[in-house]
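Letters A, B, ... mirror the listed sequences (proteins, then strands); counts begin at 1.
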Amino acid sequence: MSRELLQKVYDPAQVEAKWYPFWEQRGYFTADNTSTKPRFCIVIPPPNVTGSLHMGHALQHTLHDILVRWKRMSGYNTLWLPGTDHASIAVHYVLDKQLEQQKKTRFDLGREEFLKLAWQWKKTSGGTILNQMRRLGVSVDWTRERFTMDEGLSRAVQEVFIRLYEEGLIYRGEYIVNWCPRCKTAISDLEVVYVPTHGKLWHIKYPLIGSEGHVSVATTRPETMLGDTAVAVHPEDPRYQSLVGGKVLLPVMNREIPVIADSIVDREFGTGVVKVTPAHDAHDYEAGLRHNLRKITVIDESGTMTKEAGAYAGMDRFACRHELVERLAADGFLLKVEDYEHNVGHCDRCSAVVEPKISMQWYLKVESLAKPAIEVVENGKIQFVPDNFKKRYFEWMYNIHDWCISRQLWWGHRIPAWYCDACGQIIVSRTTPQACSKCGGALRAETDILDTWFSSALWPFSTLGWPDDTQDLRVFYPTDVLITGPDIIFFWVARMIMMGLKFMKDVPFRQVHINGIVRDASRKKMSKTRGNVIEPLELVDQYGADAVRFTLSSMAVPGTDIPFSTDRMKGYSAFANKVWNAARFVLMNLDETQSPVSAATVDELLAKKRDQMPLEDLWILHRLNQVSGEISEALDKFRFHDASSLIYQFIWHELCDWYIELVKPVLTSPSAKGEEKERRITVLIHALDSALRILHPFMPYLTEEIWQKVPHNGESIMIQEFPQPRRVREDAAAAQDMQDLMDLIVSVRSSRAELNIDPKKMLDCAVVIPDLRTREHVRQNAEKIKYLARLGRVDFADAVPGGMLKGVWRLGEFGLAIQGVIDYEAERDRLQRELERTRGEIEKILKKINSHEFIARAPESVVEENRARHTELIERMQKLETNLNQLPSAAE
RNA sequence: GGGCGGUUAGCUCAGCGGCAGAGCAUCGGUCUUACACACCGGGGGCCACAGGUUCAAAUCCUGUACCGCCCACCA
């Protein structure tokens with residue numbers, strides 16, 4: 001009797017639920033740091049604990065998992081280390097939003113309460129994320145899971161900070177920073193996004209002191225004029241030479257401010273006179289230093305005007321702008337208002353308009369770290385895939401600025417510094433100091449925390465146990481590949497390279513694979529406000545994890561964005577069903593006592609009984625060989641789309657459409673039995689088993705479910721060997737013969753279909769094949785041709801007998817015996833079309849081979865190829881012409 | 001302003017010097033005892049435009065036009 005029957009339609013939900021716990025409990029995901037096998041290690045780009053995973057994560061996790069499963073099956077000791085990131089400012093934003101609904105701010109709660117809330121949030125969000133990862137089927141080593149604010153990782157962060165500080169690479173100072181008035185913290189240059197904005201350019205009159213007249217000053221941010229401490233002109237601008245050294249009156253504030261000459265001024269722009277506000281503009285700040293100007297802060301940390309703003313103190317910056325402009329107009333100081341489009345900096349997290357502001361912050365000197373980080377990419381120790389992303393990397397690295405690493409936030413790693421207010425001493429220490437080491441005075445702890453990316457930069461080694469010298473660190477560092485998006489090359493990739501080289505004296509990874517961004521079907525970025533977000537888990541619920549994974553993989557062209565389409569999704573869920581049913585069919589026809597088939601058994605069969613094996617067996621083994629090799633090659637180059645397409649085409653259009661169809665009669669015919677049938681089944685089981693293994697990294701659940709039902713040795717498909725090419729299986733001749741056979745069958749089918757011949761009708765057929773070997777080969781496989789092309793008899797003839805419907809294929813001709821009415825008009829049309837196509841091709845190829853240049857310069861193989869093709873086409877054309885001429889002129 | 005990438009079938013995209021491809025959609029025919037989430041067959045392309053290199057160009061070079069991204073950010 002048959003073995004277990006599977007249900008007719010594949011049901012992912014039921015299958016997926018059971019295998020993840022099975023794999024996890026048996027420890028298949030766990031890396032062995034004592035293994036002697038070659039190792040393969042990836043650390044996950046830790047998702048932010050800001051809620052749930054989006055399609056970008058699903059993509060990355062899928063690609064990671066395909067690589068890891070493939071490597072694991074290919075004999076590697078694999079570690080894929082999972083974890084999450086505390087995402088300081090992002091979590092602040094989420095919690096701020098929640099507090100806002102209760103009409104509160106974090107300052108109402110206080111630091112301690114806020115942190116409790118954050119940890120609570122981390123627990124929930126982190127849990128959601130890890131659950132989502134499980135649903136996708138990722139084979140991460142949960143025993144090594146990390147979080148950036150773990151005890152161990154925090155120690156690494158502190159250690160790095162202190163070492164850098166002691167080396168003088170971390171310093172503290174008062175400079176202009178990008179300040180977000182909503183988040184109430186400094187942010188780095190990278191966290192400012194510039195948005196083209198329709199604004200105004202206000203031209204304001206600054207009267208001259210000591211003489212008649214005025215200068216006209218243009219600004220997009222009039223409220224900052226309250227902090228102006230000079231106006232500047234270009235040193236070589238003849239129009240204003242006489243004014244330099246003089247003074248002008250600052251309207252509203254009625255302050256006398258100097259006219260300075262400075263080359264920051266562009267003579268061509270506007271009037272050539274610029275207001276200078278050292279406390280609120282980076283360029284003005286520099287100019288202020290050069291000219292020793294006062295720095296007057298008129299906007300505070302929440303975007304409110306300070307008492308330095310006089311009458312406007314306490315007013316919001318934008319309200320102030322509005323009122324100030326009205327007053328300037330009323331008082332006759334507003335000369336002109338123009339519409340003006342310019343870029344305005346916004347906070348990457350909360351989109352508030354960023355305010356340049358003077359403030360005391362901690363900085364990391366990056367120049368000495370950047371140099372070796374540039375070198376390792378230049379000399380290829382780290383490769384970018386695709387390669388051109390390294391240009392983007394270099395561009396940024398060559399112009400890198402010191403990194404503002406302190407944040408006035410609470411959720412994150414606190415900077416290990418203390419201040420003595422008595423003597424001004426700063427103490428940076430691994431343990432909490434009790435008193436000032438210099439004067440014995442009381443200490444005040446730093447309240448700032450570190451930029452989130454500071455801890456992320458250490459991820460590849462902090463997760464493996466650094467600063468301790470652990471076995472994991474020795475075995476798994478440097479990691480092999482980093483897979484990530486283009487958006488965090490600067491934020492993360494660059495900084496990991498710098499920190500890895502600095503503290504591990506080696507690169508953190510050897511290859512950086514940059515994947516695209518997942519967009520919606522019309523290429524728009526997915527965003528909550530746009531409402532076009534696709535939730536990965538909803539897709540998994542609807543189509544199954546395997547189909548989601550396969551879709552993402554099939555669209556993952558390195559470095560290219562992915563317009564995610566549900567149509568593709570449906571197609572691949574149909575593929576899963578196809579695989580399911582192919583397996584179902586095979587299993588239905590297996591005897592319960594059927595024993596497992598190993599690759600060695602098949603190799604032995606080939607070695608001993610090759611000449612007794614049918615063509616399709618030799619062919620499928622040959623193809624399996626090629627496909628497994630091609631897929632490994634594609635994965636090696638991160639060409640996930642090629643790999644997916646190869647396995648899809650192979651399983652559907654070779655294994656199912658041809659091979660299983662050909663084995664079908666053997667399986668279902670009651671007369672087939674004995675040794676021959678046994679051999680056929682051996683190859684069939686092996687082909688299915690191999691296809692499942694190749695597919696496993698892409699569709700782990702489906703393949704495990706099926707594999708468990710196929711006769712097998714071993715516990716799980718995920719720890720079986722990935723099929724490696726084997727020399728015994730190579731058989732190009734069989735592959736060609738099979739191809740010829742398929743061509744003939746397709747030609748016959750095509751003739752029938754185009755003439756609307758009842759598919760059930762078994763037609764008699766006569767074939768004409770001049771080549772002896774081919775004729776013999778077709779004769780041997782005649783039964784298959786009959787079966788697949790629905791033919792009654794296949795006779796061999798020297799010429800196609802009259803009265804038959806004639807057809808042409810590459811190696812000969814055939815005739816179909818059609819009783820009843822033939823639609824000669826339809827046939828004439830068909831032949832005419834084909835003839836024209838053939839003539840067109842002949843023309844093209846003639847142009848080539850008639851050219852002396854071509855014959856003389858093209859490689860011989862190419863010339864040969866074209867000549868052979870020409871001959872073939874001519875023959876075909878002649879046959880077609882003959883057939884056309886022999887058609888009766890009108891229907892009979 | 002500087003840089004990078006794209007423009008190929010109705011749609012979404014592969015291909016990146018030697019016969020123009022896939023998936024979906026479409027049209028015709030089939031419920032053939034694995035699968036109608038299927039099977040069989042068909043149609044559909046001046047590979048953005050203009051030059052150039054080459055025996056040979058979708059593929060390499062130059063320019064143009066659109067589209068997208070990154071960096072800079074002079075009021």
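- Following rounding to the nearest Å, A:Arg568 (CZ) and B:rA14 (C1') show an atom-to-atom distance of 9 Å.
- Here the side chain of A:Thr219 is nearest to one of B:rU30, B:rA75, B:rC74, namely B:rA75.
- Taking every side-chain heavy atom of A:Asn388 into account, B:rC4 is the closest of B:rC4, B:rC40, B:rC35.
- We find that CG of A:Asp561 is positioned 13 Å from P of B:rU7, with the value rounded to whole Å.
- Atom name C1', nucleotides B:rA57 and B:rU8: the rounded distance is 14 Å, in whole Å.
- For A:Arg869 and A:Glu754, each mapped to the nucleotide of RNA chain B holding its nearest heavy atom, the one lying further toward the 5' end belongs to A:Arg869.
- Taking NE2 from A:His214 and CD1 from A:Ile204, the interatomic distance works out to 12.0 Å, rounded to the nearest 0.5 Å.
- Rounded to whole Å, the separation between the C1' atoms of B:rC19 and B:rC31 comes to 38 Å.
- B:rA14 and B:rG6 are spaced 14 Å apart, taking the C1' atom of each and rounding to whole Å.
- Among the atoms of the strands shown, base atoms are found under 4.0 Å from some heavy atom of A:Asp266.
- For A:Tyr543 and A:Tyr572, the distance between ring centers is not under 6.0 angstrom.
- Atom name P, nucleotides B:rA36 and B:rC70: the rounded distance is 46 Å, in whole Å.
- For the pair A:Lys664 and B:rA34, the criterion of a side-chain N or O lying under 4.0 Å from OP1 or OP2 is met.
- Within the 4.0 Å cut-off from OP1 or OP2 of B:rA14, at least one side-chain nitrogen or oxygen of A:Thr560 is found.
- Taking atom C1' on both B:rC46 and B:rC37, the two are 39 Å apart, rounded to the nearest angstrom.
- Here CD1 of A:Ile631 is found 8.5 Å from CZ of A:Phe650. Values are rounded to the nearest 0.5 Å.
- B:rU53 and B:rG63: their C1' atoms are spaced 15 Å apart (whole Å).
- Contacts of A:Gln649 with the nucleic acid, taken as non-hydrogen atoms under 4.0 Å apart, involve only primed sugar atoms and P, OP1 or OP2.
- The residue among A:Ser750 and A:Ile660 whose nearest nucleotide of RNA chain B is located toward the 5' end is A:Ile660.
- Comparing B:rC47 with B:rG21, their P atoms are spaced 14 Å from each other, to the whole Å.
- For the OP1/OP2 pair of B:rA14 and a distance below 4.0 Å, the side-chain nitrogens and oxygens of A:His641 include no atom meeting the criterion.
- For A:Tyr398 and B:rA72, the OH to P distance is 17 Å, given to the nearest whole Å.
- Put simply, CZ on A:Arg321 and NZ on A:Lys200 are 12.0 Å apart, with the number rounded to the nearest 0.5 Å.
- Here A:Lys844 reaches the OP1 or OP2 of B:rA20: one of its side-chain N or O atoms lies under 4.0 Å away.
- Backbone-only engagement by A:Phe490 is indicated by non-hydrogen atom pairs under 4.0 Å involving sugar-phosphate atoms exclusively.
- Between the OH atom of A:Tyr340 and the C1' atom of B:rC74 there is a distance of 7 Å, given to the nearest Å.
- With hydrogens and angles ignored, a donor-acceptor pair closer than 3.5 Å exists between the side chain of A:Lys578 and the base of B:rC35.
- If you measure from atom CZ of A:Arg639 to atom P of B:rG15, you get 6 Å, rounded to the nearest angstrom.
- Atom CG in A:Asp546 sits 6.5 Å away from atom OG1 in A:Thr703 (nearest 0.5 Å).
- Counting non-hydrogen atoms of other residues, nucleotides and ligands closer than 6.0 Å to CD of A:Glu341 gives a total above 12.
- Side-chain atoms of A:His280 and A:Glu355 include no donor-acceptor pair closer than 3.5 Å.
- Closest to the A:Tyr194 side chain, of the nucleotides B:rA75, B:rA14, B:rC73, is B:rC73.
- Within 4.0 Å of A:Trp652, counting heavy atoms only, lie sugar-phosphate atoms of the nucleic acid but no base atom.
- At the phosphate of B:rC31, OP1 or OP2 sits under 4.0 Å from a side-chain N or O atom of A:Lys760.
- The side chain of A:Ala574 lies closest to B:rA38 when the candidates are B:rG43, B:rC55, B:rA38.
- Taking only side-chain atoms of A:Asp657, from C-beta outward, the nucleotide of B:rC55, B:rC40, B:rC4 with the closest atom is B:rC40.
- Close to B:rC55, at under 4.0 Å from its OP1 or OP2, lies a side-chain N or O of A:Arg857.
- Between B:rC35 and A:Lys8, a contact under 4.0 Å exists linking OP1 or OP2 to a side-chain N or O.
- The base of B:rA34 lies close enough to the side chain of A:Glu661 for a donor and an acceptor atom to sit less than 3.5 Å apart.
- Distance from the side chain of A:Arg837 is smallest to B:rG43 among B:rC70, B:rA34, B:rG43.
- Residue contacts shown for A:Val9 include a base, since a base heavy atom lies under 4.0 Å away.
- In the interface, the side chain of A:Asn343 is paired with the base of B:rC73 through a donor and an acceptor atom under 3.5 Å apart.
- Residue A:Val274 is classed as a base contact, given a heavy-atom separation below 4.0 Å to a base.
- Between A:Trp652 and A:Phe575, the ring-plane angle classifies as parallel under the 30° and 60° cut-offs.
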- request: Go through A:Arg519 and A:Asp561 one step at a time and tell me if the salt bridge (Lys or Arg N to Asp or Glu O under 4.0 Å) criterion holds.
  value: CA-CA 7 Å; A:Arg519 297 167 177 276; A:Asp561 286 355; 2.7 Å; yes
A correct dot-bracket answer for RNA chain B, with pairs being Watson-Crick or G-U at under 3.5 Å, [ ] for crossing pairs and | for inter-strand pairs, is ((((((((.[[[[.)..(..]]]].(((((.......))))).....[[[[[..)....]]]]])))))))....
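- Of the candidates B:rU12, B:rC69, B:rC24, the closest approach to any side-chain atom of A:Met555 belongs to B:rU12.
- Within the 4.0 angstrom heavy-atom criterion, no nucleotide atom of any strand lies near A:Lys570.
- The side chain of A:Ala582 lies closest to B:rA34 when the candidates are B:rG18, B:rG41, B:rA34.
- Using a 3.5 Å distance cut-off with no hydrogens or angles, the side chains of A:Thr271 and A:Ser216 do not pair a donor with an acceptor.
- Listed pair A:His653 / B:rG23 meets the phosphate criterion, a side-chain N or O lying under 4.0 Å from OP1 or OP2.
- Annotation: the span from A:Gln649 atom CD to A:His653 atom NE2 amounts to 5.0 Å, rounded to 0.5 Å.
- Rounded to whole Å, atom C1' of B:rG2 lies 18 Å from atom CZ of A:Phe394.
- Straight-line distance between the P atoms of B:rA38 and B:rU32: roughly 16 Å, to the nearest whole Å.
- For the pair A:Tyr787 OH and B:rC39 P, the computed distance is 14 Å after rounding to whole Å.
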task = Show your working on side chain to side chain contact (heavy atoms under 4.5 Å, CB included) between A:Leu539 and A:Met55 and close with a plain yes or no.
result = CA-CA 10 Å; A:Leu539 287 179; A:Met55 287 303 286; 3.7 Å; yes
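- Atom CG of A:Leu201 and atom C1' of B:rA75 are 7 Å apart (whole Å).
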